[in-house]
> 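Pasting in a structure now, in structure tokens, and then I'll have a few things to ask.
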Number of protein chains: 2
Amino acid sequence: MAKTVDAATMRQINKGYVTEIIYNQGPLSRMEISQVTGLNKATVSSLVDELIAEQFVQEIGLGASNGGRKPVMLKINASAGFCIGVDVQITHMKTILADLSGGIVYQHMRPIAAIHGLLSQSELEELLVEEIQRAIQQAPPSCHGILGAGIALPGIVNYRTGSVFYLPNIEIRDWNLTDSLSKSFSFPIFVDNDGNCGAWSIYRERHQQNLVFVNVGIGIGTGIVVNGHLYRGQDGIAGEFGHTSIAAMGAVCACGNYGCWEQYASEQALLRYLREVEEIPASLELSPNLVSLAVDKAATSPGYQRAFRTLGQYLGIGIANIVNSLNPGLVVIGGTMAQAAPLFLPEVQYVIRHRAMASNKQVCLTVANADAIVLGAAQLPISNTLLHSPLAES
Amino acid sequence: MAKTVDAATMRQINKGYVTEIIYNQGPLSRMEISQVTGLNKATVSSLVDELIAEQFVQEIGLGASNGGRKPVMLKINASAGFCIGVDVQITHMKTILADLSGGIVYQHMRPIAAIHGLLSQSELEELLVEEIQRAIQQAPPSCHGILGAGIALPGIVNYRTGSVFYLPNIEIRDWNLTDSLSKSFSFPIFVDNDGNCGAWSIYRERHQQNLVFVNVGIGIGTGIVVNGHLYRGQDGIAGEFGHTSIAAMGAVCACGNYGCWEQYASEQALLRYLREVEEIPASLELSPNLVSLAVDKAATSPGYQRAFRTLGQYLGIGIANIVNSLNPGLVVIGGTMAQAAPLFLPEVQYVIRHRAMASNKQVCLTVANADAIVLGAAQLPISNTLLHSPLAES
DNA sequence: GCGTCTTCGTTTGTATGTTAAACTATATGC
DNA sequence: GCATATAGTTTAACATACAAACGAAGACGC
């Protein structure tokens with residue numbers, strides 16, 4: 001439901017808007033901001049003064065004249081503060097320290113000892129505290145210090161409350177991760193699904209109002225951006241396209257459903273397709289580097305290539321379902337499988353062209369880089385403090 | 001992208017909010033509105049005065065005392081103006097005149113002569129003009145007269161531009177229906193997909209922020225409400241869950257995809273299931289009253305009952321996909337098939353409980369009444385003029 | 001090199017809106 | 001009947017965006 005507005009809210013909205021414009025389109029002059037936003041130039045001046053006083057924006061000198069006085073160019077002060085992002089996966093976790101413009105100034109990869117069902121809730125919590133603390137120590141001195149941390153999890157989490165309901169290989173009991181971690185840190189903590197984080201980083205980068213991020217790893221998760229907001233659904237668990245059935249009478253999935261998409265287009269599926277085409281070495285199993293190993297093999301093996309093409313076909317079937325149901329402006333493939341994109345992307349595109357309706361056939365399809373998820377996690381604090389306008393409830 | 005706010009916008013937002021509160025929760029006193037909205041009571045008084053001057057709101061007398069002066073109760077002045085709604089289907093069109101609170105004061109059903117590919121674009125336009133004019137003549141005198149008309153179409157339309165891309169049985173060439181009809185009428189015309197209209201009327205009634213309306217007729221269309229706004233996607237063609245594949249290698253559909261959900265859970269599918277179980281009379285064919293005939297037969301025929309249960313099973317499979325991907329708070333089944341709900345609903349619920357994940361198992365599932373779509377069409381002008389706030393871009 | 005014009009940005013005054021507080025009106029209850 | 005509570009209005013104060021005037025700084029023609 002919409003919220004009411006008073007003078008302070010009005011200013012907050014306008015200020016967030018100006019910040020976002022500088023963020024996305026900077027460097028800009030006050031004049032240009034006024035033209036883009038439609039705000040009066042006096043208003044822009046006043047808002048920018050505030051942002052400069054807060055050190056979030058800085059003047060970087062004069063721009064080229066347009067026939068008169070030279071404009072003063074403004075841009076985000078990237079090192080005014082830093083954010084921490086953590087991407088927790090089954091086999092490892094990656095922690096980064098990012099500046100305000102999303103530049104990675106420190107990163108650390110840490111394997112998670114327990115691959116098969118051994119890690120406890122408190123052990124994971126300790127790991128997180130340790131990794132975040134390590135990142136804090138790497139932060140250069142800055143006026144705002146650490147603005148917050150965002151944690152991407154490969155399971156079911158409620159962003160609004162910060163509680164975690166399900167993670168693979170970890171028994172969860174009544175776990176409010178945000179509350180737990182907040183005891184150790186003075187900055188705000190945000191928790192979200194990894195697919196959502198991936199989607200968010202793409203949104204921040206491309207400003208496409210409606211997009212779906214398809215996170216292909218051991219399973220498939222998706223993040224949905226609708227009208228420029230992450231869509232989380234009624235209970236915060238939207239985006240499980242991986243557990244929609246593309247074979248009504250298919251094999252039963254761990255989730256209880258039958259013929260789930262992720263049974264046909266994930267690492268698990270790839271492994272199955274590989275076994276179908278030829279004898280594969282024992283080293284090829286569900287592991288952090290399954291995909292990269294398979295990609296290497298595919299360079300010389302037509303069988304491996306065929307397996308990737310089969311995967312691409314099913315990936316395309318599921319993506320066609322997504323574009324037909326949601327008509328997004330952009331679909332991005334991320335996750336571990338993304339590195340194999342050259343081997344399956346043509347197949348995906350072929351299937352979409354044949355199966356999607358109308359203008360969905362031309363949907364823009366791209367591949368995310370490996371850091372998309374962890375970058376999105378690091379962006380959560382920025383989006384929720386610096387840019388957040390109270391009307392923009394997702 | 002968010003918009004900027006000035007004083008006038010601020011007031012418009014607050015006024016729209018107050019109107020909506022009275023609309024949804026009235027009768028209310030000024031004091032109660034102040035508490036619900038958080039607006040100062042002086043502000044509420046001022047906004048309400050404006051609404052009363054415009055005759056959209058009226059004082060209906062004193063309420064019960066809470067230990068002091070009795071409150072003046074306010075409600076929407078339902079007959080301050082009227083809206084026209086048209087639901088265009090393949091076999092017929094239904095036109096209604098609705099008052100501001102959604103009460104139907106006139107309705108007219110008109111068969112469409114051409115069932116199989118005979119109606120032209122201009123003929124349909126003439127029909128629409130005729131029916132709308134007839135409805136205008138039925139409007140009681142009121143201070144605002146006709147506020148607008150909304151038209152629900154069973155095809156692909158772009159709400160924003162008012163143009164129609166595809167309708168079954170009609171060859172469309174470059175058709176901007178809003179523009180065409182606007183020449184004949186002085187009030188604003190809105191055009192939308194029938195699934196969207198259905199979803200919108202349910203939203204107006206239940207205020208559930210995230211819901212999906214499943215329009216089951218000859219095919220399946222869906223309307224999606226996300227965060228209280230109709231989600232239309234990048235090109236305005238979102239919601240084609242009917243053309244998502246639930247059988248990756250199934251039969252080819254008219255849309256080009258394979259194994260589309262609507263091939264398994266629509267009137268077409270019902271007819272097939274009926275043929276499978278027993279000899280059916282020739283009178284049973286794709287026609288406006290197929291479902292009601294079949295429902296009658298089912299009262300005495302176990303075979304018919306079985307066919308409906310099979311339909312329910314596939315309906316459930318598709319709905320499980322919807323709830324897993326979108327996690328809506330409410331799913332509503334509408335369209336012609338809704339009248340047979342008692343025959344398939346238990347099956348749908350069973351399948352959802354078994355196939356949906358986590359809290360999606362408990363998703364609220366209801367059946368819409370027959371007028372949902374046409375009522376939603378009639379609501380379009382209200383939502384876009386009376387209640388519309390400029391920040392609420394869908 | 002000088003004056004004029006253009007553009008950039010600030011300053012000042014005004015309009016509009018919400019809010020808080022004082023005030024009026026009207027009810028309850030002892 | 002009087003104290004008290006609630007409903008709604010009036011008044012003044014405050015915040016903000018906006019428009020217009022103003023000042024600053026460069027471009028350009030002569």
Side-chain angles (χ1 to χ4, degrees), chain A residues 2-19 21-22 26-53 57-75 389-391, chain B residues 2-19 21-22 26-53 57-75 389-391:
Chain A
K3 270 181 62 179
T4 59
V5 181
D6 62 4
T9 320
M10 175 166 74
R11 192 165 176 87
Q12 200 182 342
I13 294 172
N14 290 342
K15 189 171 160 185
Y17 192 36
V18 167
T19 312
I21 295 282
I22 300 176
L28 288 170
S29 68
R30 291 168 175 78
M31 211 54 201
E32 288 170 309
I33 296 172
S34 166
Q35 283 158 6
V36 173
T37 58
L39 288 166
N40 188 282
K41 54 183 180 171
T43 309
V44 172
S45 263
S46 152
L47 291 170
V48 165
D49 285 352
E50 243 179 77
L51 287 168
I52 289 176
V57 166
Q58 59 188 169
E59 300 186 332
I60 58 165
L62 301 177
S65 165
N66 300 306
R69 175 174 168 180
K70 290 179 179 167
V72 180
M73 302 313 277
L74 304 163
K75 79 166 184 52
S389 84
L391 280 176
Chain B
K3 270 180 64 180
T4 59
V5 181
D6 62 4
T9 320
M10 175 165 75
R11 190 165 179 85
Q12 200 182 340
I13 293 171
N14 291 342
K15 190 170 161 185
Y17 192 36
V18 167
T19 314
I21 295 281
I22 301 176
L28 288 171
S29 68
R30 289 166 175 81
M31 210 56 202
E32 289 170 309
I33 296 172
S34 166
Q35 283 156 7
V36 173
T37 58
L39 288 167
N40 187 281
K41 54 184 181 171
T43 310
V44 172
S45 265
S46 151
L47 291 169
V48 165
D49 285 353
E50 242 180 77
L51 288 167
I52 289 177
V57 167
Q58 61 187 170
E59 300 185 332
I60 58 166
L62 301 177
S65 163
N66 300 306
R69 175 175 169 179
K70 289 180 180 167
V72 179
M73 303 311 281
L74 304 163
K75 78 168 185 54
S389 83
L391 280 176

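Just the heavy atoms: all of them, side chains too, but no hydrogens, waters or symmetry mates, feed the values below. Within every chain, numbering begins at 1; the chains are lettered A, B, ... in the order of the sequence lines, protein sequences first and strands thereafter. Note that the structure is predicted; figures quoted are calculated from it, not measured.
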> Roughly, in whole Å, what's the span from CD1 in A:I13 to P in C:dG17?
16 Å
> What's the CG-C1' distance between B:D49 and C:dG17, to the nearest Å?
15 Å
> Hey, could you give me the OG/NZ distance between B:S29 and B:K41, rounded to the nearest 0.5 Å?
11.0 Å
> Does any donor-acceptor pair link the side chain of A:K70 with the base of D:dG26 at a separation under 3.5 Å?
no
> Classify B:V44 by what it touches in the nucleic acid, base, sugar-phosphate, or nothing, heavy-atom distance under 4.0 Å.
nothing
> Among C:dT18, D:dT9, D:dA17, which is the nearest nucleotide to the side chain of B:R30?
D:dT9
> Between D:dA17 atom P and B:Q12 atom CD, what is the distance in whole Å?
17 Å
> In whole angstrom, what separates A:Y17's OH from D:dA17's P?
15 Å
> I want to check one thing: is the phosphate of C:dT24, taken as OP1 and OP2, less than 4.0 Å away from some side-chain N or O of B:R69?
no
> Figure out the NZ/P separation between B:K41 and D:dT6, and round it to whole Å.
11 Å
> Picking from D:dG26, C:dG9, C:dG17, which would you name as closest to the side chain of A:S65?
D:dG26
> Can you see if the side chain of B:N14 gets near the phosphate of C:dT18 - specifically, an N or O under 4.0 Å from OP1 or OP2?
yes
> From CE of A:M31 over to P of D:dA24, roughly how many Å is that when rounded to an integer?
18 Å
> Distance check needed: D:dA15 P versus A:E50 CD, whole Å only.
13 Å
> What nucleic acid atoms does B:T43 come within less than 4.0 Å of, heavy atoms only: base, sugar-phosphate, or nothing?
base
> Starting at the 5' end of DNA chain D, which residue's closest nucleotide do you reach first, A:M10 or B:S45?
B:S45
> Could you check if a side-chain atom of A:L74 sits within less than 4.5 angstrom of a side-chain atom of A:L28, using non-hydrogen atoms only?
no
> Taking only the side-chain nitrogens and oxygens of B:N66, find out if one of them lies under 4.0 Å from OP1 or OP2 of C:dT28.
no
> Just checking B:S46: base, sugar-phosphate only, or nothing, at a heavy-atom cut-off of under 4.0 Å?
nothing
> Of the listed nucleotides (D:dT16, C:dT19, D:dA19), which one gets closest to any side-chain atom of A:A7?
D:dT16
> OP1 or OP2 of C:dT16 versus the side-chain N and O atoms of B:R11: is any pair under 4.0 Å?
no
> How far does CG of B:D6 sit from CZ of B:R11, to the nearest 0.5 angstrom?
13.0 Å
> Quick one: pull up CZ in B:R30 and CG in B:L47 and give me the separation to the nearest 0.5 Å.
11.0 Å
> List the steps, then state whether side chain to side chain contact (heavy atoms under 4.5 Å, CB included) holds for B:L39 with B:I33.
CA-CA 8 Å; B:L39 288 167; B:I33 296 172; 5.9 Å; no
> Would you say A:N40 reaches D:dA19's phosphate, i.e. side-chain N/O to OP1/OP2 under 4.0 Å?
yes
> Find which nucleotide of DNA chain D each of A:A8 and B:P71 is nearest to by heavy atoms, and output the residue with the more 5' nucleotide.
B:P71
> Under 3.5 Å, is there a donor-acceptor pair linking the side chains of A:D49 and A:S46?
no
> Without decimals, in angstroms, what is the distance between B:L62 CG and D:dT6 P?
17 Å
